[in-house]
Participant: 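Sharing a structure below in structure tokens format, with a few things to ask.
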Amino acid sequence: MRVFWFLLLTMAVVVAAVTLAVVGGGGGAVLQDAEPERLTDPLPAGRPVGRADIEALRLPLAVRGYRMTDVDDALGRLGAELAERDARIAELESALAGAQATAVTGPDLFKRSGDRPEGGTGPAEPGDGGAADGEERR
């Protein structure tokens, strides 16, 4: 019977101590809710994203990993930048292919710029022995 009273008294003391700790708290300031971490240095909006921007990017942590909205925003921006660069590269490659095709199928690459076309019917160039500026050919 003494054990019963001892356990009952011990349990009452523990319940009272826990109640005082929770309710009273010692009169100190209550912990305030911490603001969730935010992406402090997002990717630059006014210029293209560079390698240094990606290396400096630090996504804030959440309870179960990273904040989904911050990750989605960063990945969306990177995807848009890559699509824009791919389009620009494709445009430049097609322009280069067109310039190369024109250079290959264009005028004869082995003619000098001063040569007359075959048949000699073209305009005479000064200093090539042709009749130019009213001079007669002898």
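Since we're looking at a predicted model, the values are computed, not measured.
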Participant: Which residue pairs pass the side chain to side chain donor-acceptor pair (under 3.5 Å) test with at least one member in residues 73-84, sequence neighbours excluded?
Facilitator: R77-E81
Participant: Please list, chain by chain and in numerical order, all residues satisfying side-chain contact (heavy atoms from CB on, under 4.5 Å) with L78, sequence neighbours excluded.
Facilitator: L43, V49, I54
Participant: Extract all donor-acceptor atom pairs below 3.5 Å that involve side chains of residues 88-99 and protein atoms in other chains or at least two apart in sequence.
Facilitator:
residue, atom, partner, partner atom, Å
R88, NH1, E91, OE2, 3.0
S94, OG, A90, O, 3.4
S94, OG, E91, O, 2.9

Participant: Under 3.5 Å, side-chain donor or acceptor atoms of residues 2-15 against the rest of the protein: list the pairs with distances, not counting sequence neighbours.
Facilitator:
residue, atom, partner, partner atom, Å
T10, OG1, F6, O, 2.7

Participant: Using the test side chain to side chain donor-acceptor pair (under 3.5 Å), find all partners of R47 that sit at least two apart in sequence or belong to another chain.
Facilitator: D53
Participant: Can you list the residues that meet the side chain to side chain donor-acceptor pair (under 3.5 Å) rule with Q100, with sequence neighbours excluded?
Facilitator: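 So Q100 forms no side chain to side chain donor-acceptor pair (under 3.5 Å) with any residue.
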Participant: Among the clusters formed by ILVMFWY side chains lying less than 4.5 Å apart, do L75 and L59 turn up in the same one?
Facilitator: yes
